Amino acid sequence: MLRTIFAGLKARPLRLLLSATAITLGVAFVAGSFVLTDAVGAGLRDAVAFETRGVDVSITSRRGAGLDDTTVAKIRQVPGVAAAEGRTTVSAPMLGPDGRARDAAATASGTDEELRPYDLVEGRFPSNAGEIAIARTSLADVALGGAVTVLDETGERHALTLVGVFDRPVDAGLGGANLVVSQEMLRRLDPAATVGEIVVRAAPGVSPAKLAADLKQAVGGNGISVVTGQEAAARLLYETAPNAPGVVKFFTAFAVLAMVVAAMVISNSFTILVAQRSRELALLRCVGAGKRQVFASVLAEAAVVGTAASVAGLFGGLGVAAALQAVAGQENVYLPLTARTVIAAPAVGILVTALAAALPAWSATRVTPVEALRTPGDGPTARAGRLRVVASTVLLVGGVGAGALALQSDVDDAAPLVVAAMVAVLGATLAAGPLIAGPVVRALARLTPGRPAKLAALNADRNPKRTAASAAALTIGLAVVTLATTVAAGVEAGRSRGLDEQLTADFMVTSAVITRPLPGTLADTLAKVPGVDAAMTRRSFSGDLGKYGSYELSAIRGDLIRPKVLSGRFDRLGPGQIAIHKDIAQSTGLVVGDTLQTERASLRVVAIYDGVTMAGIDLGFAVVDLAQQPTIAPNEKSYDESVLVKLASGADHTRVEASLKQELSSAPLAMLKSVTEIKDDASASIRESLDLMWALTALAVLIAFAGIANTLSLSVLERTRESALLRALGLTRTGLGATVTAESVFVALFGAACGLLVGLGSAWLITEVVASGGDAIAFAPPWERLGVLLGAAILAAPLAALLPARRAGRGSLTAAL
């Protein structure tokens, strides 16, 4: 039996090639997700190691304890200290080529080269207050010796000479300054800046632990933490690492999708292979092979193919991980190959292949020896039975019922019902595939002129189970793409609609640095610009709500933001009045008319609202009048400040925008954006996530088309005599190829239509449930994107049929007969 298995593999390499391709692609995705997960950790470890290189002892402050230059000088006097540097980072917006401020951060160039967390690439580091060095990734068309303008905390400009370019090889989310200036210039940029960390290098022969103990006695206590460099690196790694699990789950979900689609392709392929080899298997039974041997032979063949394809997929996963990191714009690509990846990814591929081939292998044992005596033919037509009808009906009814219950439930309770409804409807669609595949392809054939379309419909309708199985993988892939695309478009449309309903302004002015306030008179100044109807100031701050604690609040003056009012009236707020967000109302039990007693003010709740959450527009958890802010702000500091501008009716938009920019020339930190730009910024992250989802799901769709090509190839081999008879009756090679191509298009259309319907239905259900909870989302299918998706499926179908169609018309007529 072993010799028979290997002889069969050697004799049928092409028949197994596309099955192996599906396995390879699926394993590549699984391996890629593992490698990408490990790459996140590897990049973070390298970033931490780079940040703490040369550091033997790290000193930081806790509970507000301050570190300053005096502390640094005191540390340098401790025996065993070779060098000590204070690290301070301040905000230093840099003027771009357009003259507008761009967010940037600056640090001072240290005197000890071994303690610098950056490498010099070109030039030198600053030596006086008039010089600056810029990170290579932030360099913008400025040559060495050129002028660079930065702004201090008051908005005053400082023209500096570029003397060097440095590099921070890794970042991994740790942040860091992209400008290096002298210590003198750093104090000018922010006189109140404090030392964030003091890093110490030990003298030769002094252990970090001993030095840390000595420094702890010298400067420890009073909220000052002294740890070794190794302990500091471990702490930094621990504080930054929690972001990784989300990435792991995200890519693992798509890896599971890819393997499910690959499993369907593999199962369909081996089902066809077993059906084609029925006479061979029966002959083996005639010469003494038992059922167990036949079952084991099919599984062994699947295991061999799965092993070879999984090994190829393992190395393909490295390419997938590298490509995804490149698409994400990472400068450093990490490809760690751990024992988990080497073992788990191929194991998943082999296991999925074996499980997918188990049912066809069991079917092989049902072939009786008498089958060997029958004349070869195309085999019996596989029709759907009553059990399938019952199963699809039960799943459909269950899915619709779960969806109906979800629509009547709260958002939290509805989540599992929504998932159950989507899975049940998808299962019903897949189960009902063989029942509707025949009528659908016959209807498509009637709409398509020509004899090849009619022959293709006959071929597809002859075995509806096979046709449905070929389309099922495509159905799953497109359902996921359609669902993600439609939900993302709904979120975008909901935000846009929310902006239109709740924001009556045409422009928004914000600060380039979120912690730097805009000029206090800016709203009054812009209100006087010709063509401007009104200007409103909005400030975010941390406010005290008495016994309920501190929350992120907003202070406004004007009515250009009109959130959705759930109860009460949200007009112009006056002294002693406050409007609260619905979340605060739910958590505290406050209602309209209640009174909040703070340390310095008494506030009456006049409204409960729900509003959009976007930078520059977000009203936070509560809103008060601008004059009320000092009475409830513990530190009276604001952040995320904005000025909203509304144009007069009939005003020339372009002319007024130019006038506003001219007026803002005296406020270099101010950035002007139109409502259209605000919407684009809000949608940017959604579109980036959606593009990544499309790229990831494209692999599953690619596997699905590999399955269609595989099914067609095996079907062509199965129908060799039939194809020869058609040619003998006058069908040309071109006509025969067109028949195979038409069959591929019909299968792709059937799978794509099912996927689109399931995806749209699921997206509608999610939209309705989420919208019932008050979130800004709308059912607005992006028909252009979905049309592109359907068009791509139709165009890809002929490509999938290219090789099978060529093989169908290439054979010898006489030999085939």
Side-chain angles (χ1 to χ4, degrees), residues 62-66 153 192 194 223 502-503 505 508-511 513-524 534-644 774:
R62 298 175 298 180
R63 299 190 301 273
E153 63 173 1
T194 59
Q502 302 178 33
L503 182 66
M508 178 176 69
V509 181
T510 57
S511 176
V513 182
I514 194 172
T515 57
R516 305 286 178 86
L518 295 169
T521 59
L522 185 59
D524 296 333
M536 165 187 160
T537 298
R538 183 206 65 92
R539 295 175 184 168
S540 292
F541 65 97
S542 178
D544 176 29
L545 296 184
K547 65 179 181 179
Y548 300 108
S550 296
Y551 289 92
E552 178 187 341
L553 309 182
S554 289
I556 63 174
R557 176 166 294 166
D559 58 355
L560 299 185
I561 299 181
R562 299 174 181 175
K564 181 180 179 181
V565 179
L566 304 180
S567 62
R569 295 186 60 185
F570 194 115
D571 295 328
R572 288 182 176 269
L573 297 175
Q577 295 181 338
I578 187 172
I580 62 175
H581 192 271
K582 65 174 185 177
D583 292 342
I584 291 291
Q586 291 174 357
S587 62
T588 62
L590 289 170
V591 296
V592 173
D594 287 351
T595 300
L596 281 169
Q597 187 63 47
T598 68
E599 184 178 348
R600 293 185 289 176
S602 179
L603 304 173
R604 184 170 59 88
V605 179
V606 297
I608 299 175
Y609 66 90
D610 184 20
V612 292
T613 55
M614 296 182 187
I617 306 172
D618 188 7
L619 293 179
F621 290 103
V623 186
V624 296
D625 181 69
L626 197 63
Q628 194 77 57
Q629 178 185 352
T631 63
I632 58 176
N635 53 17
E636 300 186 8
K637 290 184 178 180
S638 302
Y639 59 92
D640 188 22
E641 185 175 341
S642 61
V643 173
L644 304 175

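Please read all numbers here as calculations on a predicted model, not as lab measurements.
Side-chain N or O atoms of Thr521 include none that pairs as donor or acceptor with a backbone N or O of Asp524 at under 3.5 Å. When atom types are taken as modelled, the side chain of Gln628 and the backbone of Gly576 share a donor-acceptor pair closer than 3.5 angstrom.
The CG atom of Leu553 sits 7.0 Å away from the OG atom of Ser542 when rounded to the nearest 0.5 Å. Here CG of Asp610 is found 4.5 Å from NE2 of His581. Values are rounded to the nearest 0.5 Å. The distance from atom CG of Asp583 to atom OG1 of Thr588, rounded to the nearest 0.5 Å, is 10.5 Å. Rounding to the nearest 0.5 Å places CD1 of Ile561 at 9.0 Å from CE of Met508.
Smallest separation of non-hydrogen atoms from Gly620 and Tyr609: O-OH, 3.0 Å. Taking both residues in full, the closest heavy atoms of Glu641 and Thr537 are given as OE2-CG2, 4.3 Å, listed atom of the first, atom of the second, then distance. Considering all non-hydrogen atoms of both residues, Ala535 and Val643 come closest at CB-CG1, 4.4 Å. Contact between Phe541 and Ser554 at its shortest, heavy atoms only, is CE2-C, 3.7 Å. The minimum heavy-atom distance linking Leu560 with Ala534 is given by the pair CD1-O, 4.0 Å. Shown here for Thr631 and Ala601, the closest heavy-atom pair between the two residues is OG1-CB, 3.8 Å.
Ile608 has its side chain within reach of Val592: a pair of non-hydrogen atoms, C-beta onward, lies under 4.5 Å apart. Two residues are said to be in side-chain contact when any heavy atoms from C-beta on lie closer than 4.5 Å; Leu619 and Ile556 meet this criterion. A 4.5 Å side-chain heavy-atom check between Arg539 and Leu626 finds at least one atom pair inside the cut-off. Under the 4.5 Å side-chain criterion, counting only non-hydrogen atoms from C-beta, Tyr548 is in contact with Leu590. With contacts defined as side-chain heavy-atom distances shorter than 4.5 Å, the pair Asp625/Arg557 qualifies.
Every residue two or more places apart in sequence or in another chain that forms a side chain to side chain contact (heavy atoms under 4.5 Å, CB included) with Thr595 is listed here: Ser602.
Remark: of the listed residues Val623, Leu573, Leu596, Leu596 is the sole one forming a side chain to side chain contact (heavy atoms under 4.5 Å, CB included) with Ile578.
Arg538 and Ser642 form a side-chain donor-acceptor contact under 3.5 Å, judged by distance and modelled atom types alone.
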